[in-house]
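Structure first, then comments.
Below, read A as the first sequence line, B as the second, and so on, with proteins coming before strands; counting in each chain starts at 1. Owing to the predicted nature of the structure, the values given are computational and were not obtained by experimental measurement. Just so you know, these numbers use all the heavy atoms, side chains as well, and skip hydrogens, waters and symmetry mates.
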Amino acid sequence: DVKVTQSSRYLVKRTGEKVFLECVQDMDHENMFWYRQDPGLGLRLIYFSYDVKMKEKGDIPEGYSVSREKKERFSLILESASTNQTSMYLCASSYRGGLYYEQYFGPGTRLTVT
Amino acid sequence: AQRVTQPEKLLSVFKGAPVELKCNYSYSGSPELFWYVQYSRQRLQLLLRHISRESIKGFTADLNKGETSFHLKKPFAQEEDSAMYYCALGGNNNTDKLIFGTGTRLQVFP
């Protein structure tokens, strides 16, 4: 059973703080993704990694960075949190090499920036 | 540009009624289409993919390239179908990224 875990279910941070969101998968997937989920806006891709130390910007990368030092771990970093980054953050992973492979999602981290 | 449109934010039906969740896409190549579902307090998960031509939990979806649509259908809705449904589009060469729609919340009343 694929497991994608995220470090926190709920997080409250202050404006200007540096925030780390961690995601770990245990299925040896090459691809890992970070999304924002907002009502009325759906899921929007922030960053995508297809291999260790490799990353691609998604649709809304501004204000975020990522790190992938190990295959199983993908971190999302908010360098200086702002209130408009209050959202649900979803991590996902999948095998590389074909859209036949489904994306497996973590439970999400609800981040509130005050 | 690639785009996925789900025109309905909310769809409410009674148990036993037919359901159709609409999804239209914009893509110039050969699309790969998916439906993902999120039940209350559960994680987002794949419901079905067009390439498999499968029926999952009574749901089916047919890719209509002429109308650029991939509507999700079920002849008789059940209360346990209440959830958030997202249509997703892929198909770019050399990338496994998906573009998700804005989602439709399905409410099935008893």
Taking side chain to side chain contact (heavy atoms under 4.5 Å, CB included) as the criterion, tell me which of B:Thr102, B:Ile99, B:Leu44 meets it with A:Leu43. B:Leu44
Over 12 non-hydrogen atoms of neighbours within 6.0 angstrom of NZ in A:Lys71: yes
Checking heavy atoms, do the side chain of A:Gln37, its backbone, both or neither come under 4.5 Å from chain B? side chain
Residues in residues 105-114 of chain A that sit under 4.5 Å from chain B, counting heavy atoms only: A:Phe105, A:Gly106, A:Pro107
Applying the 4.5 Å side-chain criterion to the ILVMFWY set and letting contacts propagate, would B:Leu33 and B:Val37 be lumped into a single cluster? yes
Please check if B:Tyr27 and B:Val4 belong to a single hydrophobic cluster, counting links between Ile, Leu, Val, Met, Phe, Trp and Tyr side chain heavy atoms closer than 4.5 Å. yes
For A:Leu41, is it the side chain, the backbone, both or neither that has a heavy atom under 4.5 Å from a heavy atom of chain B? backbone
Got a sec: does the OH of B:Tyr39 have more than 12 other heavy atoms crowding it under 6.0 Å? yes
Going only through I, L, V, M, F, W and Y residues with side-chain contacts under 4.5 Å, is there a path from A:Leu11 to A:Tyr35? no
Have a look at A:Glu102 and tell me which of B:Leu46, B:Leu98, B:Leu48 forms a side chain to side chain contact (heavy atoms under 4.5 Å, CB included) with it. B:Leu46
Any link between A:Val66 and A:Val4 through a network of hydrophobic side chains (Ile, Leu, Val, Met, Phe, Trp, Tyr) touching at under 4.5 Å? no
Is there a continuous path of hydrophobic side-chain contacts, each under 4.5 Å between heavy atoms, that joins A:Phe74 to A:Tyr104? no
How far apart are the closest heavy atoms of A:Gln103 and B:Tyr36, and which atoms are they? N-OH, 3.0 Å
Interface moiety of A:Phe33 toward chain B, non-hydrogen atoms closer than 4.5 Å: side chain
Of the non-hydrogen atoms in B:Lys97 and A:Lys57, which two are nearest, and what is the gap between them? NZ-O, 4.0 Å
Exam field: side chain B:Arg43 to backbone A:Leu90, donor-acceptor pair closer than 3.5 Å: no
Evaluate whether atom CD of B:Glu67 has more than 12 neighbouring non-hydrogen atoms of other residues, nucleotides or ligands under 6.0 angstrom away. no
Who among B:Lys9, B:Gln38, B:Gln6, B:Gln42 has the most heavy-atom pairs with chain A under 4.5 Å? B:Gln38
Donor-acceptor pair, distance only, cut-off 3.5 Å: does the side chain of A:Tyr50 make one with the backbone of B:Asp96? no
